[in-house]
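This structure is a prediction, so every number in the text was calculated from the model and none was measured. Lettering of chains follows the sequences in order, A, B, ..., and the numbering in each one begins at 1. Only heavy atoms go into these numbers, but all of them, side chains included; no hydrogens, no water, no symmetry mates.
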There are 2 protein chains.
Amino acid sequence: MVTKQLRDLPENADLRRADSLAREIFSDVANKWALLIIEALGERTLRFSEVRDEVEGVSHKMLTQNLRMLERNGLVDRKVHPTVPPRVEYTLTEPGRALRATVDAICGWTHRYLGHIEAARGRFDE
Amino acid sequence: MVTKQLRDLPENADLRRADSLAREIFSDVANKWALLIIEALGERTLRFSEVRDEVEGVSHKMLTQNLRMLERNGLVDRKVHPTVPPRVEYTLTEPGRALRATVDAICGWTHRYLGHIEAARGRFDE
DNA sequence: CAGCATCCCACAAGATACTG
DNA sequence: CAGTATCTTGTGGGATGCTG
C-alpha cells in the first residue's frame, strides 16, 4: 500500500489502481477461513470433503465461497474429475504456497506468544 | 494447532485448551482491521485519531473495538494522558511488533504477486 | 460428492448522540 | 479528543433442499 500523500495525486492513477487492488486482495486474504484453508492444504492435494474435515468448524457454504475466491485469485488450483460421483481436488499454486509460508509464520507467532497473551488477558479482564 | 487425532483424547486436556486458545487468538488476529491497525502503528506511537487517519476506511467503532481487543491480548499498549482534552496513545508491544513482521510479509506477498493475481482474475472472470 | 439456490436469522458494523 | 451507548440496517453465514 502506498502512502496517503501519493494517493490523491492525479498523475499517480496507476499507483492508486495498484493500491486499491492490493487492498482488495488483502481483504480477501486476511480472513480467518481463507487462511485456515491455505494452512490445511499445505503441500497436499485434497478433495473438497477432505478440506472440510481438516478445517474445523467451516460450513459447506463458507468452504465453497472461500475456495472459489482463492481459485479466482489464483491461489489454489481446482481440478474436476469427470467421474460419478464427481471428484474435485484442490492444490495450492505457487503464489498460494508463498502465502502459506506467511500463514505458518502467524501460526508460529501464535504458539510463541500463547503464554504472553493469556497473561495479558488475565490482567485486562480483572 | 494440534492434529485432529490428539484433539479428542481426554488425557490431552491441556493440549486441547492450548489449541482452542490458539484458535481464538488466530480468529482475533486474522481479520482485516486488526492487521491494518498493527501495520499502521508500526514502530510509532499514535493517538487514536492518528490511527483513524492512517487506517483508511475504518469507522470510529471498529477502531475502538479492535484497539480494545489488541490491548486485551497484549499486542498494543494504551496510554491515557489525563489532560483536557484527553490524549490517548497507542504503541505496539513486543508481541505486537513480532506479529507486525508477519503482516509485513503478507503485504510483501501482496505486492509481489499483484500481477499474478490480476491475471488469474482476468482468466477466471472471463 | 460437490455445487448451487433459497430462505432466514443473528450479529457485524454504520450513524448518531451524549459524556468526561 | 476519546469513549460509550443506543438504534438501525446490511449482510455474513447457517440450514435445507435440489441437481449432475
Self-check item: CD1-CH2 distance between B/I25 and A/W109, expressed to the nearest 0.5 angstrom
Solution: 6.5 Å
Quiz prompt | Side-chain donor or acceptor of B/E24 paired with backbone N/O of B/L21 under 3.5 Å | solution = no
Between side-chain atoms of residues 61-70 of chain B and protein atoms elsewhere (two or more places apart, or another chain), which donor-acceptor pairs fall under 3.5 Å?
| residue | atom | partner | partner atom | Å |
| --- | --- | --- | --- | --- |
| B/T64 | OG1 | B/H60 | O | 2.7 |
| B/N66 | ND2 | B/M62 | O | 2.8 |

Quiz item: Is there a donor-acceptor pair closer than 3.5 Å between any side-chain N or O of B/R72 and the backbone N or O of A/F124?
Solution: no
Quiz item: Roughly how far, to the nearest 0.5 Å, is the CG atom of A/N31 from the OG atom of B/S27?
Solution: 10.5 Å
Quiz item: What do the steps show when you test B/E94 against A/Y113 for side-chain contact (heavy atoms from CB on, under 4.5 Å), and what is the final call?
Solution: CA-CA 10 Å; B/E94 202 269 296; A/Y113 287 99; 3.0 Å; yes
Practice problem: Provide the start and end nucleotides, 5' to 3', of the part of DNA chain C that has atoms under 4.0 Å from heavy atoms of chain B. | Solution: C/dA13 to C/dG20
Practice problem: Could you state whether B/V80 and B/L41 fall into the same hydrophobic cluster, counting links through intermediate Ile, Leu, Val, Met, Phe, Trp or Tyr residues with side-chain heavy atoms under 4.5 angstrom apart? | Solution: yes
Exercise. Quick one: pull up CG in B/N73 and CZ in A/R121 and give me the separation to the nearest 0.5 Å.
Key: 4.5 Å
Exercise. Over all heavy atoms of both residues, which pair between A/T102 and B/A105 is shortest? Give the atoms and the distance, please.
Key: CG2-CB, 3.8 Å
Quiz prompt | Under 3.5 Å donor-acceptor, B/T93 side chain and B/L75 backbone | solution = yes
Quiz item: Nearest nucleotide by nearest heavy atom, which residue falls closer to the 5' end of DNA chain D, A/W33 or B/S49?
Solution: B/S49
Self-check item: Paired and unpaired positions of DNA chain D as dot-bracket, Watson-Crick or G-U wobble under 3.5 Å, | denoting a partner strand
Solution: ||||||||||||||||||||
Quiz item: What are the 5'-most and 3'-most nucleotides of DNA chain D lying under 4.0 Å from any heavy atom of chain B?
Solution: D/dC1 to D/dT4
Quiz item: About how many Å separate CZ of B/F26 and CD of A/E39, when rounded to the nearest 0.5 Å?
Solution: 7.0 Å
Quiz item: Thinking salt bridges, do B/R52 and B/E50 make one under a 4.0 Å N-O criterion?
Solution: no
Practice problem: Quick one: pull up CD in B/E54 and CG in B/L46 and give me the separation to the nearest 0.5 Å. | Solution: 6.5 Å
Quiz item: Just checking B/R52: base, sugar-phosphate only, or nothing, at a heavy-atom cut-off of under 4.0 Å?
Solution: nothing
Quiz item: Which ones in residues 64-75 of chain B lie close to DNA chain D, meaning a heavy atom under 4.0 Å from one of its atoms?
Solution: B/T64, B/R68
Exercise. Give a yes or no on whether a salt bridge exists between B/R17 and A/E118, defined as a side-chain N under 4.0 angstrom from a carboxylate O.
Key: yes
Quiz prompt | Residue-level proximity of residues 39-47 of chain A to DNA chain D when a heavy atom falls under 4.0 Å | solution = none
Self-check item: 5' priority, DNA chain C, between A/K61 and A/V88 [closest heavy atom]
Solution: A/V88
Exercise. Could you grab the distance from atom CZ of B/R47 to atom CG of B/D53, nearest 0.5 Å is fine?
Key: 11.0 Å
